[in-house]
*Asks:* 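Sharing a structure below in structure tokens format, with a few things to ask.
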Amino acid sequence: MSHFSIQIDHQNSQDVIRVHGEIDLHTCPDLHKTLSEQLAQGVAQFVLDLNQVHYLDSTGLGVIAHAARQLGEKQGHVHIITTQPQVLKIFDLSGLTKKNIIIHANLADVPA
Amino acid sequence: MSHFSIQIDHQNSQDVIRVHGEIDLHTCPDLHKTLSEQLAQGVAQFVLDLNQVHYLDSTGLGVIAHAARQLGEKQGHVHIITTQPQVLKIFDLSGLTKKNIIIHANLADVPA
Amino acid sequence: MPSPQRVQLSIPASAEFISVVRLAVSGVAARMNFTIEDIEDIKVALSEACTNAIQHAYQADAKGQIEIEFILHDASLEMIVQDHGKGFNTTENIKAEKSNSSPEDFGLGLGLVFIQSLMDEAEINSIKGKGTTLKMLKNLSTHAA
Amino acid sequence: MPSPQRVQLSIPASAEFISVVRLAVSGVAARMNFTIEDIEDIKVALSEACTNAIQHAYQADAKGQIEIEFILHDASLEMIVQDHGKGFNTTENIKAEKSNSSPEDFGLGLGLVFIQSLMDEAEINSIKGKGTTLKMLKNLSTHAA
Ligand SMILES: Nc1ncnc2c1ncn2[C@@H]1O[C@H](COP(=O)(O)OP(=O)(O)O)[C@@H](O)[C@H]1O
Ligand SMILES: Nc1ncnc2c1ncn2[C@@H]1O[C@H](COP(=O)(O)OP(=O)(O)O)[C@@H](O)[C@H]1O
């Protein structure tokens, strides 16, 4: 079975948070912990690579939206990198991308 | 979900039967049909590529053993190509490889 | 007319079993020849229903089971998710209830919205103190679609 | 001592549902941190048990359900497979019964052999006319092993 893991890579002079596996009620606390730690370190924006995430539902969205709200207080953005159809569809349905959550196909498209 | 399919390729001057998917009670009738057709055409040996088979149990073994028995009447062999641990273990447990069923890691190892 | 085939699943109301439910339903839906996109939609809707039962139905200390039933109709998959938890008033404004929620609750109130938009039919029945039953239906898209 | 968690699954006694059972148990076993090899063994043993219920328990025209229960112990996974079919005499020489089988039956009599060699414990109870219950246990291998 695919195990869930989160890894932080320093790339293009910023931290890229790479999630691997399915984000649901069981695994979203791990994502929450990672994002909270980054927030505590005072990062100005999040880069979240979800290309290896094949499943996302409202629980994972809740964690991402919560972090986005906190970043929003300092005009920060959450950049999501994914081309996964299921993940794109969920973000689309949620309407969250109207706020400070931006979806990109490639890491190169994320502003530094 | 992985779909089940069988494909016959002509390679190294013989027919190679390539199975893709899980061989169980539900899918083994398809394998039986293919092997019966080959037997009806009078082939002298079977080359069965199971490298894309990730699951095999006694139902699939039964079909292969049945065909091997018929080939055995004319001194023919069943050559199985696989490096899949689960498939190797099942053949090993069955004791069938003591008869005219031979396992190979590569197609190149099969005598023409 | 033969009655439709049924698959039943019962899991503890605990987050680690939602992935088991997704695996099972992906097998059922694949056998019915749903498209990959439809299978993904079905997995989300069913996960949302289980998530609600786990998060809202039971007290943290009294976890019960969640019963899931799949009814394989000729042209649709019916899914029924049932808990024996506290139930809720489905006619109340659910959003209003959300405003009192603790800041540590990340629920966006999207679960039922997703179920409604991803499924062809969804119906919720809840009795306070008895539990909640959610019925969902996903139609097999015809080849013309 | 909390009672162990249970997952229950009920499928029609029909070949296309065995893969659904394998998907479900692979999820349960992965959550228990069984090794990949153990998960494969569990899938085979459980499939053999379901195959027997489908092939031997029910008449072709009167297909019932197969009930599967997973009991998640701390150090082992218990699996119970139950059918309500014709049952059989487990003390009779099973091989002898095989000799009358039709040439179109490819059963090698390996199903129960595989179950016994892949599981740590296996126990079969069958009552003629009532059905068969197979209990299997797979231990979590300790890290020292
Ligand atoms: N099975 C259930 N048992 C009790 N209450 C429920 C159940 N399902 C939904 N609810 C109630 O309906 C509300 C809305 O659910 P939902 O749309 O999934 O959003 P969220 O879970 O994010 O709050 C929940 O907050 C809860 O009050
Ligand atoms: N659930 C069952 N209901 C009735 N008979 C069974 C059941 N399971 C096993 N049997 C009997 O036990 C025999 C041996 O089973 P098995 O070892 O799996 O080999 P095979 O299925 O290849 O015959 C079967 O042929 C059948 O007669």
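Protein chains get the first letters and strands the later ones, always in sequence-line order, with residue 1 at the start of each.
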*Asks:* Side chain of D:Arg31, backbone of C:Glu16: donor and acceptor closer than 3.5 Å?
*Replies:* yes
*Asks:* Is D:Gln65 in contact with chain C via its backbone, its side chain, both, or neither, using a 4.5 Å heavy-atom distance?
*Replies:* side chain
*Asks:* Please give me the minimum heavy-atom distance between D:Gly27 and C:Leu23, naming the atom from each residue.
*Replies:* CA-CD1, 3.5 Å
*Asks:* With a 4.5 Å cut-off on side-chain heavy atoms, are C:Ser10 and D:Arg6 touching?
*Replies:* no
*Asks:* With a 4.5 angstrom heavy-atom cut-off, is it the side chain or the backbone of D:Leu72 that approaches chain C, or both, or neither?
*Replies:* side chain
*Asks:* Quick one: what part of C:Phe17 sits under 4.5 Å from any heavy atom of chain D, side chain, backbone, both or neither?
*Replies:* side chain
*Asks:* I'd like to check D:Pro12 versus C:Val7 (side-chain heavy atoms, cut-off strictly below 4.5 Å). Are they in contact?
*Replies:* yes
*Asks:* Say you draw a straight line from CD1 of C:Ile11 to CD of D:Gln8; how long is it, rounded to the nearest 0.5 Å?
*Replies:* 11.5 Å
